[in-house]
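Report on one structure; see the data block that follows.
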There are 2 protein chains.
Amino acid sequence: MSLEHAILGFLNYAPMTGYDLKKAFDTSVRHFWPADQAQIYRTLKDLARRGWVTVEVVPQEDRPNRKVYHITDAGREELRRWLRTPTDPEDPRVPLLVKVFFAGGLTNEEAVALLEAYAAGLRARLEEYARVPQQAAHYAEAIRSPREVFFWTLTLDYGVRLTRAALEWAEEAIRNIHNQEES
Amino acid sequence: MSLEHAILGFLNYAPMTGYDLKKAFDTSVRHFWPADQAQIYRTLKDLARRGWVTVEVVPQEDRPNRKVYHITDAGREELRRWLRTPTDPEDPRVPLLVKVFFAGGLTNEEAVALLEAYAAGLRARLEEYARVPQQAAHYAEAIRSPREVFFWTLTLDYGVRLTRAALEWAEEAIRNIHNQEES
DNA sequence: TGATATAATATGACCAGTCATATATAGGAT
DNA sequence: ATCCTATATATGACTGGTCATATTATATCA
């Protein structure tokens, strides 16, 4: 599970509430690890149970108390251990390809429409990527060390490259379908 | 859920048992939609409940009866409907990137090792892709129409392109890490 | 002889994640 | 006047999928 370790990663920057964490995820790693609000709270409970974080309850009037989570030494150790561990391969599931595999039963027009819709989604994603740096900069209180920015940029670059590759594939596929005889 | 529709896709080629389906998945679409044996059986039950497939029980001695599933007209309609429906975007989760995002706390050597291990996995995957055509040809009783082969080839091409893009990213990242000052 | 593979279906426990909804108040927008 | 948003945490129902295991006979391999 990457979520628990991503949370440790953020708490290693600064103590945060579940609410803060949700915002942190949404403005930084969402593109490769979206986090559900309910799941964040459940995972925080689990992290506390394991002793990797502690809770500090900050009373508030008129709204729920803030539960500020702090990473512990054990948590920091676990974070480092995990960072150095080779990664589980990612889930290869690509719903579009399942359709493409069985697309022989479609007309050329239908198949092209399928790929065009996919390509449109990819183009939209590329535009989103272009907006990420501002969003993140806006949120990141103090932009962290150049080293951290370097690694953060790597993740963005990955997204751009992979999305471009998928887009090129889709565009070439569309061109090739036109040369296909419909059975 | 793509699994149920992939099953419909296979049953549209020919009636099959759950056991047959598992083999079909493993020799064709596994790379973009792996299927768990237990999940196949549960899904078949569900498809039957919805009237998209019917079951024909073929008695056998000495081993469990074969339950041969046949696609129905309703199932064929559902398959076509699904094929023409624009696709849900794929799950963007990439565990490696979560680590890279927080990799500022690693030494350059540790970060490089992480990416090298990842790159090794990608190279292995590329070699696997090279072996897919033979495997699939071996299994596909009658290689289906050229049109079907065309679409099947598209899915393989997607895998190769995306894996190559990821590999190039990793290799360039490794080169760049060496120019990074360790904080 | 004993282990493993093949054929075939099935269940139970579990896990990570999603979605809807609940609570409670303040402030701004339509 | 009403709706939406922000702040903040929490639970219950559900879903798709994984893993281990069970059954039962034959055949193969070391």
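Per chain, numbering begins at 1; letters A, B, ... match sequence-line order. What you see below is based on every heavy atom in this structure, not just the backbone, and it leaves out hydrogens, waters and symmetry mates. Since we're looking at a predicted model, the values are computed, not measured.
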Nucleotide nearest [X] when distance is taken to its side chain, options [options]:
X      : options                   : value
Q37(B) : dT11(D), dA10(C), dC19(D) : dA10(C)
W33(A) : dG17(C), dT6(C), dC19(D)  : dG17(C)
A38(B) : dA7(C), dC19(D), dT9(D)   : dC19(D)
Q39(A) : dA7(C), dC19(D), dG17(C)  : dG17(C)
Q60(B) : dA8(C), dG17(D), dC19(C)  : dA8(C)
K45(A) : dC19(D), dA8(D), dT11(D)  : dT11(D)
T17(B) : dA8(D), dT9(C), dA10(D)   : dT9(C)

Using atom [atom1] of [X] as one end and atom [atom2] of [N] as the other, report the distance to the nearest whole Å.
X      : N       : atom1 : atom2 : answer
K22(B) : dT6(C)  : NZ    : C1'   : 15 Å
Y19(A) : dT9(D)  : OH    : P     : 9 Å
D20(A) : dT7(D)  : CG    : P     : 9 Å
F25(A) : dG17(C) : CZ    : C1'   : 13 Å
E90(B) : dG16(D) : CD    : P     : 19 Å
D88(B) : dC19(C) : CG    : P     : 11 Å
L44(B) : dT11(C) : CG    : C1'   : 16 Å
K23(A) : dT5(D)  : NZ    : P     : 16 Å

Considering non-hydrogen atoms only, spot the tightest contact between W152(A) and F101(B) and give its length.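 Nearest heavy atoms, W152(A) then F101(B): CD1-CE1, 2.8 Å.
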Quick one: closest heavy-atom pair of R125(B) and E90(A), and the distance? NH2-CD, 4.3 Å
Using a cut-off of less than 4.0 Å, is there contact between a side-chain N or O of [X] and OP1 or OP2 of [N]?
X      : N       : result
Y41(B) : dT9(C)  : yes
R42(A) : dG12(D) : no
K67(B) : dA10(C) : yes

Does some side-chain heavy atom of V57(A) sit less than 4.5 Å from a side-chain heavy atom of R66(A)?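 In short, these two side chains do not touch, never coming nearer than 4.5 Å.
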Assign each of N65(B) and M1(A) to its nearest nucleotide of DNA chain C by heavy atoms, then name whichever residue's nucleotide is nearer the 5' end. N65(B)
Using heavy atoms to find the nearest nucleotide of DNA chain C for S2(A) and V68(B) separately, return the residue whose nucleotide is more 5′.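 With S2(A) and V68(B) compared, the 5'-side residue is V68(B).
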What is the distance from atom CZ of R164(B) to atom CG of L162(A), rounded to the nearest 0.5 Å?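 Those atoms lie 14.0 Å apart.
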Parallel under 30°, tilted from 30 to 60°, perpendicular over 60°: which one fits the rings of H31(A) and Y129(A)? tilted
